[in-house]
Amino acid sequence: MRTRFAPSPTGDLHIGGLRTALFQWAFARANGGQLVLRIEDTDRERYVEGAVEVIAEGLRWLGVDWDEGPGAGGPHAPYVQSERLDRYHAVAAELRARGRAYRCFCSPERLARLRADQRAGGEPGGYDGRCAAIPEAGAEARARTEPSVVRFRMDRAGTTTLDDLVRGRVAFENALQDDFVLLKADGFPTYHLAMLADDHEMEITHVIRAEEWLASAPRHLQLYEAMGWPAPRFAHIPLIVDGAGRKLSKREGDVGVLSFRDRGYLPEAMLNFLAFLGWSLDDRTSHITREEFARVFTLDRVVPNPAAFDVERLDALNGHYIRALPPGRWRELAGEWIERGLPADVPRPLDSALLDALAPLLQERVARLDELPGLVRFLFGEAPEYPAALLAERIGGDAALAARALDAAIAAVEGVAPGEWGPVPVEAALRSLQDALGLKLRKFVSVLYVAVMGAPRGIPLFDSAALLGRERTLARLRAARAKLA
RNA sequence: GGCGCGUUCGUCUAGAGGCCCAGGACGCCGCCCUUUCAAGGCGGAGAUCGCGGGUUCGAAUCCCGCACGCGCUACCA
């Protein structure tokens, strides 16, 4: 079994495109088949330089590898459509020889007018076939001096039926079809022609693509029939939609795959998120490894209805996989993100021992890697800025209590000798405040969190203070106390 | 407008006539644990299965109609 991922190099690899690729890849792997990566760059207007590399990087990030295509080679190279133009022309010529395609000289203006008129008149729409009757010989002569396209002559009788692997049987009334363009005026093929020629030559057996292609399936089916080629099986997988139920678009925030990577999402989290968008294993599995997914994936467990992109779910998954990371790997990752995310004025390299101590404290506190720098920022450079009111925020705004807690804390911390500074003595000192204030630690500890790190939440206080050092801890406690004076 | 697809907790989904007064996950709420926040543990609320008709002893599951949503309707993919 052979399937393919055929993106257009028009910019970032879209999250929806990645999901399609993931399903294609899993299908190929689960069936011992191959995945072909093919670049569909037939639209010169939308071509974006460097997009191919961005797409490949996105796929590699997720662990979607391809057997043939750019970077992998293969018996059907080249895998870039702009380098395969001769084949499309050959197929178009064959179609014309068979009387199934013809030259069309209608101008873009006439076509626009035609569409407008049809719309105004409430008519079906589609090309009206004006050039369909032009004799081949005359058309050839005209084509030498006049711009033209080549259109496919659709069979308008009966119905075209698709047996979709996800949706079952779908029938299309042929009378409603029109003669679509195969070859554009610039000599480039449209998607329909290029897909046909390449899928056939590359021996693709399963075309797995997004639902937006469903409506053009009859064109493809008739094209295969006209060429006398066996058609592949088709599986139209559901769209990924936004909160409003619309096809996910770039306007809905950044949906580029690499931007997710750069915001600190783990590939295993993304894979899980995408895998279960429109597919499921059974009634209880909600996490799956890349390997298992590639083993158990089947198209018959893909649902036909669209799925909403839910960031909260992605974040939850990401947190889950972050916590599941082995300590060593986590230390390495956290170190990179912190090193990279801290302000430029923080001297590098960062203290390795400090990062060693920090890593375990951070692992279960973030959902995304890009949250890391913010959590440890207080350890580097100047004392954090925060409004005085924040000190008493978690204790019902009781500034007097905050002041007493700070006074007691300062005294207690001063009591810890510089030589024995560490998390355990700090904890002992701070716990002694319970007696001094006659309150449970938790009743006032938020004041100290704010004083030390500038926020009532963050990594554990005793460790924070230990890592900060005696003098800086004292300075921050005193600065906090001064804010309340 | 036309054609096509879709419709189960807020979200992703399980469900292919009785196991379902609908299961799991995320989110939400509560409790426990606890130095904050998380994490973790326990518990809870949450879908009359879009609506209306059928078929059947019995329907989320089969049939018909309707509604709504989305997709396509390019010399874009």
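In what follows, chains are A, B, ... by sequence order, proteins preceding strands, each numbered from 1.
At a threshold of 4.0 angstrom between heavy atoms, the contacts of A:Leu441 are confined to the sugar-phosphate backbone, with no base atom among them. A:Arg442 comes within 4.0 angstrom of a nucleotide base, judged by non-hydrogen atoms across all strands. Among the atoms of the strands shown, base atoms are found under 4.0 Å from some heavy atom of A:Arg365. At a threshold of 4.0 angstrom between heavy atoms, the contacts of A:Ala171 are confined to the sugar-phosphate backbone, with no base atom among them.
Nearest nucleotide to the A:Pro304 side chain, out of B:G23, B:A39, B:U7: B:U7. With B:C26, B:G4, B:C37 as the candidates, the nucleotide lying closest to the side chain of A:Ala316 is B:C26.
Distances shown here put a side-chain N or O of A:Arg431 below 4.0 Å from the OP1 or OP2 atom of B:U35.
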Do nucleotides 72-77 of chain B as a string where each nucleotide becomes B, S or -: B if the base has a protein heavy atom under 4.0 Å, S if just the sugar-phosphate does, - if no protein is that close. S-SBBB
Summarise protein proximity over nucleotides 9-22 of chain B in one line of letters, 5' to 3': B for base, S for sugar-phosphate only, - for none, counting protein heavy atoms closer than 4.0 Å. --SBSSS-------
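Of the inter-residue distances, the one linking A:Arg119 atom CZ with A:Asp117 atom CG reads 12.5 Å to the nearest 0.5 angstrom.
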Give each protein N/O atom lying under 3.5 Å from an N/O atom of nucleotides 40-49 of chain B, with the pair distance.
from, atom 1, to, atom 2, distance (Å)
B:G40, OP1, A:Arg323, NH1, 3.2

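Between the side chain of A:Arg19 and the backbone N or O of A:Leu277, at least one donor-acceptor pair lies under 3.5 Å.
Two rings, from A:Phe293 and A:Trp279, have their centers less than 6.0 Å apart.
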